[in-house]
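Structure first, then comments.
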Amino acid sequence: QMNHATINTVAIDLTAGAGDRFRATGSIVVDPGFLAVYRDSTDDNGTGDDDAKLLPPVDVGEKLTIKALRPEQHFTEPPPRFSEASLVKSLEEHGIGRPSTYASIIKTLQDREYVQIDKRRFFLTDVGRVVARFLTKHFTRYVDYGFTARLEDELDAVSRGEEAWQPLMHEFWGPFRDLIEEKNRTVTRDEVTTEPLDEVCPKPDCGRPLVIRLGKRGRFVGCTGFFDKENKCDYTRDLGNGGPAAEPEKVEGRQCPKCGGDLLVRDGRYGKFIGCASYPDCKHIEPLERPVDTGVACPQCGKGTLMARKSRKGKQFFSCSTYPKCDYAVWNAPLAEPCPTCAWPILTLKTTKSRGTERVCPQRECSYSESVTEEAEAG
């Protein structure tokens, strides 16, 4: 409900000495509009992107006083990653979308896992990288800035009643449908999800080319012989985050307790784990961080003890050492004390910002809680 900010992009030329010329490019705010009370999120260093480009008001012919002369050399740097604000600004500049659609565009990018947001910046996922490469290679016309903006204008003309929608849809849908049918016949899934590498398979008697493939857990390096039914090769190795491919890290000073082979740190569905290098011949696996025994007896089965473990997302929890025979687990640290209210064999130590640290009963139907601080003061 506020006015747009009016900002002019300008260049200021300054002369000094015997014809030396310097130029400063940036923006001048003509009418601040909503910027008078609100600005977009700032960078990590606390200053907004636009603030660094604002130029002070000057007049033609005005004499300026030099305050400092800093000889600096600037090297070409990659463009900064998009934030939500800078992405919306870029969409506006290219005439893509409308204010009512910007939120849905960003939501779609996240819901389909094309990007991840870290420190308010967009980072491309493996799926997003494959989709972007596929679209720019096979649907170049339809992901062009000009095509998208032009189609937006034509749809606006339809909404205003200036153009009929049937010819517009016919002009768009016919060639688009034909292109989809062509790509369905000519493009295979393997072609889309693989990238060639200048390496060959290191397995003996193989030597076939290696490629980067996209799997359920992201990108990895695999042998092209994987799909050879007569002479299949199952060689794979991890691929760093956008960096060079790396072999799994070897666990020094330990051997597989089942077969005596090397142990490797691998990436799995639930994070990193230790597995035998002889897999699939030997299927020994163990967690990267060994569970810590709390010494508190399991209240459900009475046979095992509660072990401190880490979940898939790195959060600590406590579960029975006899799992999967006993599936008892709690999020808070267990205490070998029975509940005074319901006589459940254990209590847990729970800490919250609002209530501090308390002894609580892990049973949902029991509401027992007691402040540790108050108890200590009473003692």
Side-chain angles (χ1 to χ4, degrees), residues 78 109 111-116 122-144 176 178-252 255-256 258-286 288 312:
L109 292 175
D111 290 346
R112 297 183 181 179
E113 298 183 350
Y114 295 152
V115 297
Q116 292 178 339
F122 289 106
F123 287 81
L124 200 63
T125 63
D126 292 334
V127 175
R129 185 178 288 105
V130 169
V131 171
R133 188 175 65 249
F134 171 74
L135 292 177
T136 53
K137 181 178 180 181
H138 298 284
F139 292 84
T140 308
R141 176 193 175 196
Y142 298 99
V143 294
D144 178 71
F176 185 65
D178 295 341
L179 183 60
I180 290 179
E181 293 177 353
E182 176 191 346
K183 298 303 178 182
N184 280 334
R185 295 191 305 268
T186 59
V187 180
T188 64
R189 178 181 176 85
D190 294 336
E191 180 183 345
V192 175
T193 59
T194 59
E195 298 179 47
L197 286 175
D198 294 331
E199 298 182 50
V200 295
C201 181
K203 274 196 169 185
D205 302 327
C206 183
R208 284 170 284 192
L210 294 179
V211 294
I212 299 176
R213 290 161 50 192
L214 179 65
K216 293 181 179 179
R217 295 186 290 273
R219 299 197 306 164
F220 65 97
V221 176
C223 181
T224 52
F226 179 81
F227 301 100
D228 190 340
K229 296 181 179 179
E230 297 181 358
N231 188 19
K232 182 176 181 179
C233 177
D234 59 0
Y235 174 81
T236 60
R237 74 169 184 262
D238 295 334
L239 180 68
N241 296 328
E247 295 286 352
E249 179 185 353
K250 181 180 177 181
V251 180
E252 300 294 340
Q255 302 297 321
C256 176
K258 290 185 177 180
C259 68
D262 293 333
L263 292 176
L264 304 176
V265 178
R266 300 181 180 273
D267 278 315
R269 177 182 300 178
Y270 303 106
K272 292 184 179 296
F273 68 96
I274 296 176
C276 183
S278 301
Y279 179 85
D281 297 330
C282 177
K283 298 184 178 180
H284 171 76
I285 60 172
E286 58 187 65
L288 188 61
R312 178 179 178 180

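Sequence positions, counted from 1, serve as the residue numbers for this chain. Computation of the quantities below employed the complete heavy-atom set of this structure, encompassing side-chain atoms and omitting hydrogens, waters and symmetry-equivalent molecules.
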Looking at [X], I'd like to know if its [atom1] atom is crowded, meaning that more than 12 non-hydrogen atoms belonging to other residues, nucleotides or ligands lie closer than 6.0 Å.
X      : atom1 : answer
Asp111 : CG    : yes
Gln116 : CD    : no
Glu113 : CD    : no
Arg133 : CZ    : yes

Measure the [atom1]-[atom2] distance between [X] and [Y] for me, rounded to the nearest 0.5 Å.
X      : Y      : atom1 : atom2 : value
Ile285 : Cys276 : CD1   : SG    : 11.5 Å
Glu181 : Thr186 : CD    : OG1   : 11.5 Å
Leu263 : Glu252 : CG    : CD    : 10.5 Å
Ile212 : Phe220 : CD1   : CZ    : 10.5 Å

Check against salt bridge (Lys or Arg N to Asp or Glu O under 4.0 Å), Arg141 and Asp144
CA-CA 5 Å; Arg141 176 193 175 196; Asp144 178 71; over 6 Å; no
Main chain of Gly261, side chain of Ser278: is a donor-acceptor contact present, judged purely on distance under 3.5 Å?
no
Can you list the residues that meet the side-chain contact (heavy atoms from CB on, under 4.5 Å) rule with Thr188, with sequence neighbours excluded?
Asp190, Glu191
[Y] and [X], any side-chain heavy atoms less than 4.5 Å apart:
X      : Y      : answer
Glu182 : Val187 : no
Cys282 : Cys256 : yes
Tyr142 : Leu179 : yes
Lys283 : Lys258 : no
Lys203 : Asp234 : yes
Val221 : Leu197 : yes

Please test Val265 against Val251 for side chain to side chain contact (heavy atoms under 4.5 Å, CB included), starting from the C-alpha separation and ending with a verdict.
CA-CA 7 Å; Val265 178; Val251 180; 3.9 Å; yes
Please identify each residue that fulfils side chain to side chain donor-acceptor pair (under 3.5 Å) with Asp262, with sequence neighbours left out.
none
Between Leu210 and Tyr235, does a side chain to side chain contact (heavy atoms under 4.5 Å, CB included) hold up when you go through it step by step?
CA-CA 9 Å; Leu210 294 179; Tyr235 174 81; 3.8 Å; yes
Under 6.0 Å from the ring centre and within 45 degrees of the ring axis: does the NZ or CZ of Arg213 meet both conditions for the six-membered ring of Phe226?
yes
Please report the shortest heavy-atom distance between [X] and [Y], naming the atom on each side.
X      : Y      : result
Tyr114 : Leu124 : O-CD1, 3.5 Å
Arg208 : Lys232 : NH2-C, 4.4 Å
Thr224 : Pro209 : OG1-O, 2.9 Å

Applying ring-ring contact (aromatic ring centres under 6.0 Å, His included), can you list everything that pairs with Phe139, at least two apart in sequence or on another chain?
Phe134
